[in-house]
Amino acid sequence: MRFLSPHPGFAETVHRLVRSVPHGRVTSYGAVAAMAGAPRAARGVGSVLRGLAPEAHVPWWRVVNRNGEVIIPAELGLRALQRTLLEGEGVEFLASGRVDMAH
């Protein structure tokens, strides 16, 4: 499925916003979409992050779903990598495996 950008420059805006998430903090796909001016484009944010080139230097691991769940596909170990990167930044996970979004 091909993602259609909600507005010109959406991907660049998503990159800038995700780069602004502080070390040790997380945000949600929906929050990034809203800040990008497209509040209903949470899946679009996921598509942009999924298409990142390694040299983009965008901390994709700091974006989780609205429930604090790491939802990146598990194949290739990316889900485990995301959790490891977050824990390395001091992000705490609840017993349920979710990030404590209130913390």
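Within a 6.0 Å sphere centred on CZ of R19, heavy atoms belonging to other residues, nucleotides or ligands number more than 12.
Checked against side-chain contact (heavy atoms from CB on, under 4.5 Å), A34 has the following partners two or more places apart in sequence or in another chain: P39. Take H23 and apply the side-chain contact (heavy atoms from CB on, under 4.5 Å) test, not counting sequence neighbours, and it matches R62, E89.
Put simply, the residue from V14, L17, T13 that forms a side chain to side chain contact (heavy atoms under 4.5 Å, CB included) with V45 is V14.
Closest approach of A33 and A42 over heavy atoms only: CB-N, 3.7 Å.
In the hydrophobic cluster analysis, where Ile, Leu, Val, Met, Phe, Trp and Tyr join through side-chain heavy atoms closer than 4.5 angstrom, F93 is grouped together with W60. Hydrophobic clustering places M35 together with L49 (ILVMFWY residues linked when any side-chain heavy atoms are closer than 4.5 Å, directly or through intermediates).
For residues 46-58, no pair satisfies salt bridge (charged side-chain N to carboxylate O under 4.0 Å, His left out), with sequence neighbours left out. Under the side-chain hydrogen bond (donor to acceptor under 3.5 Å, both in side chains) criterion, no residue pair touches residues 25-36, with sequence neighbours excluded. For the salt bridge (charged side-chain N to carboxylate O under 4.0 Å, His left out) condition, the pairs that include at least one residue of residues 90-103, sequence neighbours left out, are E69-R98.
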Contacts table for residues 78-86: side-chain donor-acceptor under 3.5 angstrom, sequence neighbours left out:
from: R79; atom 1: NE; to: I72; atom 2: O; distance (Å): 3.0
from: R79; atom 1: NH2; to: I72; atom 2: O; distance (Å): 3.0
from: Q82; atom 1: NE2; to: W61; atom 2: O; distance (Å): 3.1
from: Q82; atom 1: NE2; to: V63; atom 2: O; distance (Å): 2.9
from: R83; atom 1: NE; to: E87; atom 2: OE2; distance (Å): 2.9
from: R83; atom 1: NH2; to: E87; atom 2: OE2; distance (Å): 3.3
from: T84; atom 1: OG1; to: A80; atom 2: O; distance (Å): 2.9

